[in-house]
Amino acid sequence: MGRLRSRRRFLPALREARGRVVFLSSIGGLNANPYMSPYHASKFGIEGVGDALRQEMRQFGVEVSLVEPGSVVTPIWDKGKDSADAIKDRLTPEDDRLYGEKVARMGTVLEKISARGVPPEKVAEAIGHALTARRPKTRYLVGADARMTLLMRRLLPDRLRDRIIARATGL
């Protein structure tokens, strides 16, 4: 909601200045993984707002871009692992039987993802380009994992992609 309120407040100035809007999203806004639905819901929402606003603002010369990083080396991965540990501790015996192993495995998956992340400066470079380029891209994929994820999304049937993700993550 904050992004939408900010956008409404600044739209008149953006139109007048023929400015730029850059949304920081994630490859998680184009492809979902198991046990992360709240995160993906928020990122899919940003993608929808960014795509719609780009089309709406075109007539005013306002450029709108989405920056979609894959994994980035930040403390968020430790936070995710801590959350997985906390969730595991709160599981009922039945939930533990059904999900305990998968929740524990999420910690390992998050560690692997964080190890292959790009430095935050790569994301900053993409944002800088989106803000200053004469003709900015509509989307900036940052990191090899983001590009590979989008390629898989475009080329593979959903069920095959689901099996690949399950095999790769053990989930």
Taken in chain and number order and not counting sequence neighbours, the residues that satisfy side-chain hydrogen bond (donor to acceptor under 3.5 Å, both in side chains) with Asp89 are none
Other residues, nucleotides, ligands: >12 heavy atoms within 6.0 Å of Tyr99 OH: no
I'd like to check Ile46 versus Val49 (side-chain heavy atoms, cut-off strictly below 4.5 Å). Are they in contact? no
When rounded to the nearest 0.5 angstrom, what is the spacing between NZ in Lys43 and CD1 in Ile27? 12.0 Å
Those residues at least two apart in sequence (or on a different chain) that pass side-chain contact (heavy atoms from CB on, under 4.5 Å) with Arg159 are Arg163
Quick one: do Val142 and Val72 satisfy side chain to side chain contact (heavy atoms under 4.5 Å, CB included)? Show the steps, please. CA-CA 9 Å; Val142 182; Val72 180; 5.8 Å; no
Test of understanding: with ring-ring contact (aromatic ring centres under 6.0 Å, His included), list the residues that count as partners of Phe44, not counting sequence neighbours. none
Counterpart residues, side-chain hydrogen bond (donor to acceptor under 3.5 Å, both in side chains), relative to Asp145 (two or more places apart): Ser71
Check whether Arg153 reaches the backbone of Leu30 with its side chain - one donor and one acceptor, N or O, closer than 3.5 Å. yes
Do Arg54 and Thr138 make a side-chain contact, defined as non-hydrogen atoms from C-beta onward lying under 4.5 Å apart? yes
Do the non-hydrogen side-chain atoms of Leu11 and Phe60 ever get within less than 4.5 Å of each other? no
Nearest-0.5 Å distance, CD1 of residue Ile127 to CZ of residue Phe23: 12.5 Å
List the atom of Leu14, the atom of Val62, and the distance in Å for their closest heavy-atom pair. O-CG2, 3.4 Å
Counterpart residues, side-chain hydrogen bond (donor to acceptor under 3.5 Å, both in side chains), relative to Glu101 (two or more places apart): Arg105
When clusters are formed by joining ILVMFWY residues with side-chain heavy atoms under 4.5 Å apart, either directly or through shared neighbours, do Ile164 and Met148 land in the same one? yes
Considering only heavy atoms from C-beta outward, does the side chain of Leu24 approach that of Val123 to under 4.5 Å? yes
Sequence neighbours excluded, every pair satisfying salt bridge (charged side-chain N to carboxylate O under 4.0 Å, His left out) that has a member inside residues 14-30: none
Taking only residues two or more places apart in sequence, or in another chain, which ones meet Arg139 in a salt bridge (charged side-chain N to carboxylate O under 4.0 Å, His left out)? Glu47, Asp51, Glu68
Nearest heavy-atom neighbours spanning Pro136 and Ala130: CB-O, 3.6 Å
Could I get the full list of salt bridge (charged side-chain N to carboxylate O under 4.0 Å, His left out) partners for Glu94, not counting sequence neighbours? Arg97
Partner set under side-chain hydrogen bond (donor to acceptor under 3.5 Å, both in side chains) for Thr132, not counting sequence neighbours: none
Only one of Asn31, Leu155, Leu141 clears side chain to side chain contact (heavy atoms under 4.5 Å, CB included) with Leu150; which? Leu141
The side-chain contact (heavy atoms from CB on, under 4.5 Å) partners of Lys137 (sequence neighbours excluded) come to Tyr140
Quick check: does any side chain N or O of His40 sit under 3.5 Å from a backbone N or O of Asn33, one acting as donor and the other as acceptor? yes
Do other residues, nucleotides or ligands put more than 12 heavy atoms under 6.0 Å from Met152 CE? yes
Can you find a pair of side-chain heavy atoms, one from Ser25 and one from Val67, that are under 4.5 Å apart? no
State which residues pass salt bridge (charged side-chain N to carboxylate O under 4.0 Å, His left out) with Arg161; sequence neighbours excluded, sorted by chain then number. Asp158
Would you say Leu98 ends up clustered with Met36 if hydrophobic residues are merged whenever their side chains have heavy atoms under 4.5 Å apart, either directly or through other cluster members? yes
Leu91 and Tyr35: same hydrophobic cluster, using ILVMFWY side-chain contacts below 4.5 Å? yes
Who are the salt bridge (charged side-chain N to carboxylate O under 4.0 Å, His left out) partners of Arg154, not counting sequence neighbours? none
Give me the atom names and distance for the closest heavy-atom approach of Val118 to Gly143. CG1-CA, 3.8 Å
